[in-house]
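Here is the structure we will look at, set down as structure tokens.
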2 protein chains.
Amino acid sequence: MTTYASLEWRDGVLRMLDQRYIPHRIEYLDLRDQHEVAEAIREMVVRGAPAIGATAAYGLVLAAQRSSAHDVAALRRDLMEAAELLRAARPTAVNLGWAVERVLDRATDPKLEDVDALRAAVLQEAQAIAEEDEQTNRQMGLHALPLIPQEARFIHHCNTGSLATVAYGTALGIIRTAHEHGKAKHVFVDETRPRFQGSRLTAWELEQLGIPYTIIMDSASGHVMRTLGVDLCVVGCDRVARNGDTANKIGTYNLAVVARAHNVPFYVAAPTSTIDLTMSNGNLIVIEERPAREVTHVGDEHITMDGARVANPAFDITPAAFITAIVTEMGIAYPPYDESLPRLVALAEERRTR
Amino acid sequence: MTTYASLEWRDGVLRMLDQRYIPHRIEYLDLRDQHEVAEAIREMVVRGAPAIGATAAYGLVLAAQRSSAHDVAALRRDLMEAAELLRAARPTAVNLGWAVERVLDRATDPKLEDVDALRAAVLQEAQAIAEEDEQTNRQMGLHALPLIPQEARFIHHCNTGSLATVAYGTALGIIRTAHEHGKAKHVFVDETRPRFQGSRLTAWELEQLGIPYTIIMDSASGHVMRTLGVDLCVVGCDRVARNGDTANKIGTYNLAVVARAHNVPFYVAAPTSTIDLTMSNGNLIVIEERPAREVTHVGDEHITMDGARVANPAFDITPAAFITAIVTEMGIAYPPYDESLPRLVALAEERRTR
């Protein structure tokens with residue numbers, strides 16, 4: 001079984017798997033400064049909230065290494081500037097800001113008295129974020145296991161596997177754990193327009209993992225539930241508000257509504273790093289509008305007439321009322337989420353600072 | 001305002017607008033026998049239930065003209081054979097069978113005593129089908145008018161305009177009539193994967209008609225209802241069962257479920273030729289499975305990995321419970337449909353035989 005990591009730190013260079021060419025070509029992009037990192041995030045060389053977070057953390061490592069600062073105050077100023085640049089690369093996923101904040105926090109530790117120590121600390125923190133990510137994902141998989149029936153038939157939206165994370169996967173990690181325990185019968189893979197993360201990336205990962213799957217149109221989920229039967233939906237997320245409202249790839253909300261109409265449980269896999277307790281509800285979350293070209297073209301193929309008017313929101317908000325449970329690495333949150341989520345986030349903080 | 005007809009009968013040749021190249025090129029295909037017609041239906045040179053019906057009727061005209069039969073019995077046998085071929089071209093739309101049946105009915109009129117009279121009658125019946133189609137569509141538009149609020153914001157799925165019919169359109173005809181009466185504010189156009197009938201064809205027709213529109217992902221309908229507001233959904237259909245269950249382009253059912261969750265009325269435009277009283281419910285309707293390539297490729301662009309497993313049902317069934325009303329050329333059917341639909345079909349029969 002081959003699996004590919006979304007990113008790798010080697011000899012002062014951040015090597016990224018260029019996901020725009022998957023599944024046709026395995027190409028890597030070596031990033032050498034924070035500008036290249038911000039560009040790679042914006043252009044979706046890498047995507048998936050946890051992977052974006054780790055990538056941004058390494059963006060700060062590169063900024064620290066490239067900085068010509070000779071004292072810690074100047075180096076911290078350079079890091080702040082790089083942080084601004086990286087945060088602006090994509091607005092919706094909270095992990096980006098979370099990872100940047102975590103590295104900056106570490107960089108402001110007053111015990112770091114020279115630039116070498118500060119550079120080392122920044123690298124260490126980025127590596128910790130990357131390493132914890134896989135562990136977090138495996139824990140989510142295990143917590144979710146009791147929710148999953150024997151011979152489970154899933155619907156999965158977008159991509160939430162190794163490619164969307166540092167390793168293993170969030171919602172796809174739940175499916176992997178279920179598969180490792182002999183419980184995953186079939187995965188219906190939403191193709192996930194407009195960028196086809198499902199049919200391009202998730203199908204490719206499932207093939208490598210030996211998990212049976214079928215690619216379906218995003219609009220076919222209800223037909224599949226009605227005619228073939230589905231036991232549960234699992235999706236990832238880009239930001240979860242305090243009340244459980246969840247921002248995720250466009251189409252998640254439709255899937256949740258259709259699941260509710262069929263009494264199919266709808267689960268969100270959310271590392272606590274994706275939970276934003278500062279937002280009381282999902283209507284406050286900024287939804288990124290992406291270029292029209294993602295809708296009007298597929299590769300070089302022009303679909304629509306010239307000048308066709310298009311809306312291309314990259315995400316939507318699924319209100320908490322449509323979410324059966326939210327799976328975190330600290331356990332499962334059930335409604336009311338404004339009670340269960342803060343508790344799990346506090347537990348995660350506690351474990352990290354222990 | 002330019003509009004394009006999907007088909008035109010000229011000098012013994014059926015000239016079809018080749019919809020596979022819209023909106024990039026206006027190309028016509030001249031069809032000269034029933035085999036070419038069946039092929040054009042199968043390959044979706046023409047699509048849309050009413051347009052397919054009229055095309056098949058002209059397929060019988062061509063068969064009659066090409067036949068070397070010297071007596072009416074032999075000519076009728078040739079027509080029966082051509083009818084079989086045409087009926088098999090696509091399984092889901094009932095209009096195909098309906099139009100073929102109607103021409104055959106005419107051909108078996110015992111008053112037709114020589115081959116020339118029979119050929120003339122077949123042509124006359126095909127032309128009547130084509131001519132009635134536009135009239136039918138305009139009547140549906142007028143019947144629907146009282147259902148439409150001022151400044152109406154629509155969601156429309158697939159293509160149901162001039163291209164899907166002989167002229168004017170069914171669900172898009174309802175939008176056109178609303179526009180002509182100053183009631184259509186905006187149309188959200190489902191792109192309609194996998195073949196993009198919405199973003200390729202419907203957007204192009206709306207642009208020509210001067211009706212404001214925005215192309216959206218099929219999976220974004222809930223997001224648009226939740227954040228922008230939608231007043232009603234209008235869709236066409238390929239076959240309506242006696243109880244109101246409706247087969248239409250894949251994604252129709254998801255749209256109906258999402259509309260219900262937002263209390264948005266969901267209307268089906270159905271010429272009585274699309275109502276199949278012989279089917280008691282939608283589960284009896286055969287759903288065409290189309291080639292995987294429609295999912296794995298867009299034009300020459302290969303999206304998925306080689307050998308990716310795909311389901312590509314071209315249609316789905318929307319249960320009658322999700323349909324607010326069915327608009328026919330004879331008036332509006334409300335639930336219970338197994339009472340209202342037979343009444344309207346009987347009225348249409350009566351008018352035609354009067």
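Residue numbering restarts at 1 for every chain, and letters A, B, ... go by the order of the sequence lines.
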Please classify the contact of A/N283 with chain B as side chain, backbone, both or neither, using a heavy-atom distance under 4.5 Å. side chain
What's the spacing between B/D218 CG and A/M217 CE if we round to 0.5 Å? 9.0 Å
Selection from B/A311, B/A308, B/P313 maximising heavy-atom pairs under 4.5 Å formed with chain A: B/A311
Greatest number of non-hydrogen atom pairs under 4.5 angstrom with chain B, of A/K249, A/R200, A/H157, falls to A/R200
Atom CD of A/E151 with >12 non-hydrogen neighbours under 6.0 angstrom: no
Heavy-atom nearest pair, A/N254 first then B/S221, reads ND2-OG, 2.9 Å
Tell me which donor-acceptor pairs under 3.5 Å the side chains of residues 231-238 of chain B have, and how far apart each pair is, sequence neighbours excluded?
| from | atom 1 | to | atom 2 | distance (Å) |
| --- | --- | --- | --- | --- |
| B/D231 | OD1 | B/R153 | NH2 | 3.2 |
| B/D231 | OD2 | B/R153 | N | 2.8 |
| B/D231 | OD2 | B/R153 | NE | 3.0 |

At a 4.5 Å cut-off on heavy atoms, which part of A/I317 comes close to chain B: side chain, backbone, both, or neither? both
Of the non-hydrogen atoms in A/M305 and B/A203, which two are nearest, and what is the gap between them? SD-O, 4.3 Å
Would you mind checking which part of B/Y213 comes under 4.5 Å of any heavy atom in chain A, side chain (CB onward), backbone (N, CA, C, O), both or neither? both
Search all heavy atoms of A/V258 against all heavy atoms of B/V258 and return the closest pair with its distance. CG2-CG2, 4.4 Å
Taking every non-hydrogen pair under 4.5 Å, which of B/T227, B/L255, B/D306, B/V298 racks up the most with chain A? B/V298
Any donor-acceptor N/O pair, B/D316 side chain to A/H223 backbone, under 3.5 Å: no
Going through the checks in order, is the side chain to side chain contact (heavy atoms under 4.5 Å, CB included) test met by A/R309 and B/I215? CA-CA 6 Å; A/R309 278 161 287 182; B/I215 298 167; over 6 Å; no
Between B/I303 and A/P23 the two heavy atoms that sit nearest each other are O-CD, 3.5 Å
Please classify the contact of B/E301 with chain A as side chain, backbone, both or neither, using a heavy-atom distance under 4.5 Å. both
Step by step, would you call B/Y253 with A/H262 a ring-ring contact (aromatic ring centres under 6.0 Å, His included)? CA-CA 12 Å; B/Y253 176 46; A/H262 292 85; 5.6 Å; yes
With rounding to the nearest 0.5 Å, note down the distance linking CD in B/E191 to CZ in A/R193. 4.0 Å
Could you check whether the rings of B/H302 and A/H24 sit parallel, tilted or perpendicular, using 30° and 60° as the cut-offs? tilted
Contact part of A/R260 toward chain B, heavy-atom cut-off under 4.5 Å: side chain, backbone, both or neither? neither
Bottom line for B/F188: the part with an atom under 4.5 Å from chain A's heavy atoms is neither
Note: vs chain B, highest number of non-hydrogen pairs under 4.5 angstrom among A/T318, A/T304, A/I216 is A/T304
